Novice: 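One structure coming up, written as structure tokens, with questions to follow.
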Amino acid sequence: MKRHLIAATILTASLVMASCAKKPEVAITSGKIEGTIDSTGIFSFKGIPYATAERFQPSEPMAAWEGVRQCKEYGPWAKQAERDGRSAEGEGDFLANVWTSGLSDGGNRPIVFWIHGGGFSVGSANADPTDGAALARKGAVVVSINHRLDLMGFLDLSSFGGKWEKSVNIGMLDIVNALKWTKDNAKAFGGDPDNITIFGESGGGGKVGTLLCMPEAKGLFQKAIIESGAKINIMTGEISKQLGKNVVAELGLTEETLDQIQTLPYDTLFKACQKCQAEILGPRTPGSIKMWGFVPTADGNTLLQQPYTPGFADLAHDIPIMIGTTFNELERKFYTDTTLTQSKCDSILNIRYGDETEAFKQAFAEAYPEGSMADILGTDSNIRTLTLATADAKSAEGGAPVYVYLLTWVSDFDEGGSGCYHSLDIPLVFNNPYDERYQVKRGDPKAALVADRMSDLWLSFARNGKPKANGVPQWEAYTKENGATMIFDNTFEQRNNFDRKMQDILYTKLK
């Protein structure tokens with residue numbers, strides 16, 4: 001036995017040394033790039049340009065370059081409102097990152113294509129919890145991308161005609177071009193160009209849903225995963241066009257001088273857009289089920305319909321979908337008061353549910369018999385509700401299956417009382433569980449197990465459309481009748497229609 005262990009260790013070391021001896025260089029459609037390789041043999045390439053564009057114009061494939069381009073570090077964020085000390089004047093609108101265990105080796109690995117969150121207005125793929133190395137070690141090619149956001153990606157100038165016709169959805173068309181780039185370069189990174197799964201959380205999940213309604217995205221991916229992304233986008237063509245006209249007027253431009261918008265400082269554009277946005281749309285309501293601001297608009301051409309209303313366009317009929325939420329999402333952090341009493345809890349519930357309060361309390365008790373006062377106040381009140389409505393609609397079509405999940409896991413080191421909050425799934429799905437920004441501290445003995453199982457489920461689904469993992473029972477495809485939801489916790493279990501009464505009450509409150 002000892003000889004076998006020694007031999008296995010020597011073989012593993014030899015493989016790593018051989019892999020590290022490879023030059024982390026690969027030829028893609030636009031030229032050669034050089035990345036890095038870690039001690040386990042995983043190649044990473046960061047900040048790869050996949051497209052280029054003039055301001056407010058559709059992006060185009062990146063022109064070819066000579067020599068070898070260095071792609072060893074994340075590039076800048078895409079232009080967006082300044083926050084966290086990051087400048088709004090980044091030039092990272094069209095950058096991709098890739099992680100893989102082999103280059104041009106015929107690996108035919110499934111590709112998982114990550115779309116970052118932050119609504120449609122902020123965010124970046126350049127974040128440690130979404131480092132793809134751990135998923136690449138499990139046999140996937142991981143791609144993440146930046147794209148144009150907010151006013152740079154969704155300011156609708158189409159009413160001015162001509163070259164402005166497609167301005168309304170160019171931020172989403174950037175993602176389409178990134179998918180085309182991924183498909184074209186899949187084999188260079190050891191991936192299967194015909195097995196691409198798109199996935200994203202929050203606003204990234206909203207973008208996944210939007211792609212399911214875009215004709216130009218059809219055929220560029222085969223499966224979709226939506227994490228906490230079911231939000232209703234109320235933007236219409238009429239509102240979008242009027243908003244664009246108002247911004248142009250606020251800038252003092254006319255149809256004849258509109259070209260000047262391409263060279264105005266970003267801050268000038270941002271201030272004008274914020275003012276016009278507030279005048280037309282009103283203030284943003286935190287926790288609202290509705291998307292707000294510069295967002296995709298259904299124009300009947302690039303985007304056939306808004307997603308989650310309640311389902312997707314017909315072109316998504318044959319796309320298998322995984323969709324789910326966290327238990328608290330954005331709620332529990334507001335209810336960590338250690339002096340919370342039953343009287344105070346009932347008072348809050350009465351304000352929320354009125355005549356339905358007792359019915360909701362009973363429904364919650366049936367769904368979560370061990371739930372606390374903080375749990376009933378802090379349970380997600382809209383994203384799972386819309387997720388089930390979407391799953392009902394999609395499964396009723398009789399096309400590809402839908403799989404629904406609910407993450408309820410809470411770290412043993414949840415000192416801040418945040419519960420199972422919005423975005424906790426990200427480090428778990430990427431199998432990067434120990435990230436203090438997500439309050440999953442090193443030493444939590446259960447975090448690694450949950451992350452291992454969740455990442456296995458995601459990659460199993462990416463491989464063949466069926467989520468399976470060791471330690472996870474068989475996961476039924478969802479229908480409205482069976483209400484099958486896989487619960488992710490220290491143990492994984494499927495529950496059927498366990499919270500339907502509760503969700504029905506919440507759904508009536510959303511209408």
Side-chain angles (χ1 to χ4, degrees), residues 18-38 41-79 86-87 89-109 111-116 124-126 130-133 136 141-149 152-153 163 166 170-171 173-194 196 216 220 262-263 266:
S19 181
C20 291
K22 297 177 184 177
K23 190 174 182 181
E25 183 178 297
V26 64
I28 59 174
T29 50
S30 46
K32 291 183 179 180
I33 57 175
E34 182 176 346
T36 61
I37 184 169
D38 69 15
I42 298 301
F43 296 91
S44 66
F45 300 86
K46 298 174 180 177
I48 312 167
Y50 65 83
T52 185
E54 294 182 23
R55 185 184 279 184
F56 303 120
Q57 298 299 305
S59 54
E60 298 178 352
M62 187 68 186
W65 57 75
E66 294 183 359
V68 180
R69 192 175 190 118
Q70 298 299 300
C71 295
K72 299 181 179 181
E73 304 288 342
Y74 287 124
W77 290 34
K79 285 186 177 70
R86 294 180 175 89
S87 171
E89 293 296 338
E91 295 293 340
D93 301 293
F94 313 105
L95 299 179
N97 310 303
V98 181
W99 293 263
T100 181
S101 60
L103 302 174
S104 303
D105 61 352
N108 223 35
R109 303 174 187 90
I111 298 172
V112 287
F113 182 99
W114 171 254
I115 308 173
H116 71 76
S124 172
N126 308 351
T130 59
D131 180 290
V141 175
V142 184
V143 179
S144 66
I145 58 108
N146 288 346
H147 63 95
R148 283 177 288 185
L149 299 163
M152 305 304 289
K163 68 179 185 179
K166 288 189 175 182
I170 53 175
L173 291 173
D174 291 346
I175 302 177
V176 170
N177 279 336
L179 281 166
K180 291 178 180 177
W181 177 90
T182 300
K183 188 176 180 68
D184 289 344
N185 291 288
K187 289 189 177 299
F189 296 110
D192 183 351
D194 297 316
I196 298 174
E216 291 187 51
L220 297 179
Q262 295 182 305
T263 56
Y266 179 84

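Please read these numbers as outputs of a predicted model, since none were measured by experiment.
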Novice: So how far is it from N97 CG to N146 CG, rounded to the nearest 0.5 Å?
Specialist: 7.0 Å
Novice: Verify the neighbour count for atom NZ of K32: are there more than 12 heavy atoms of other residues, nucleotides or ligands below 6.0 Å?
Specialist: no
Novice: At their closest point, which heavy atom of V142 faces which heavy atom of G132, and how far apart are they?
Specialist: CG2-O, 3.5 Å
Novice: For atom CD of E25, is the number of surrounding heavy atoms from other residues, nucleotides or ligands below 6.0 Å larger than 12?
Specialist: yes
Novice: Working to the nearest 0.5 angstrom, can you tell me the gap between D105 CG and T100 OG1?
Specialist: 6.5 Å
Novice: Closest heavy-atom contact between A53 and P58?
Specialist: CB-O, 3.8 Å
Novice: Flag the pair I33 / V26 as yes when at least one side-chain heavy-atom distance between them is below 4.5 Å, and no otherwise.
Specialist: yes
Novice: If you apply the rule side-chain contact (heavy atoms from CB on, under 4.5 Å), what do you find for V141 with V98, and how did you get there?
Specialist: CA-CA 7 Å; V141 175; V98 181; 4.0 Å; yes
Novice: For a 4.5 angstrom cut-off between non-hydrogen side-chain atoms, does F113 reach I175?
Specialist: yes
Novice: Under a 4.5 Å cut-off applied to non-hydrogen side-chain atoms, are I170 and Q57 in contact?
Specialist: no
Novice: Rounded to the nearest 0.5 Å, how far does CZ of R55 lie from CG of D93?
Specialist: 10.0 Å
Novice: Does K23 form a side-chain contact (heavy atoms from CB on, under 4.5 Å) with V68? I'd like the steps, not just the answer.
Specialist: CA-CA 12 Å; K23 190 174 182 181; V68 180; over 6 Å; no
Novice: Is the shortest heavy-atom distance from the side chain of R109 to the side chain of S101 under 4.5 Å?
Specialist: yes
Novice: Between Q70 and E34, does a side-chain contact (heavy atoms from CB on, under 4.5 Å) hold up when you go through it step by step?
Specialist: CA-CA 5 Å; Q70 298 299 300; E34 182 176 346; 3.3 Å; yes
Novice: Which pair of non-hydrogen atoms, one from P24 and one from I37, has the smallest distance, and what is that distance?
Specialist: CB-N, 4.3 Å
Novice: OG1/T29 to CG/N185 distance, rounded to the nearest 0.5 angstrom?
Specialist: 4.0 Å
Novice: To the nearest 0.5 Å, how far apart are CG in L95 and OG in S124?
Specialist: 8.5 Å
Novice: Exactly one of V143, T182, D174 should register a side chain to side chain contact (heavy atoms under 4.5 Å, CB included) with Y50. Which one does?
Specialist: D174
Novice: For a side chain to side chain contact (heavy atoms under 4.5 Å, CB included) with L173, tell me which candidate from E216, H147, R148 qualifies.
Specialist: E216
Novice: Locate the shortest heavy-atom distance separating P76 from N126; write the atom from each residue and the value.
Specialist: O-ND2, 3.9 Å
Novice: With a 4.5 Å limit on heavy-atom distance, are the side chains of W181 and M62 in contact?
Specialist: no
Novice: Answer whether the closest heavy-atom distance between the side chains of S144 and W99 falls below 4.5 Å.
Specialist: yes
Novice: Flag yes if more than 12 heavy atoms outside Q262 fall under 6.0 Å of its CD atom; otherwise flag no.
Specialist: yes
Novice: When you compare the side chain of K187 with that of N108, does any pair of heavy atoms fall below 4.5 Å?
Specialist: yes
Novice: Say you draw a straight line from CG of D38 to CZ of F43; how long is it, rounded to the nearest 0.5 Å?
Specialist: 9.5 Å
Novice: Between A125 and T130, which heavy-atom pair has the shortest distance, and what is it?
Specialist: O-OG1, 3.5 Å
Novice: If you compare all heavy atoms of K183 against all heavy atoms of L220, which two are closest, and at what distance to 0.1 Å?
Specialist: CD-CD2, 4.1 Å
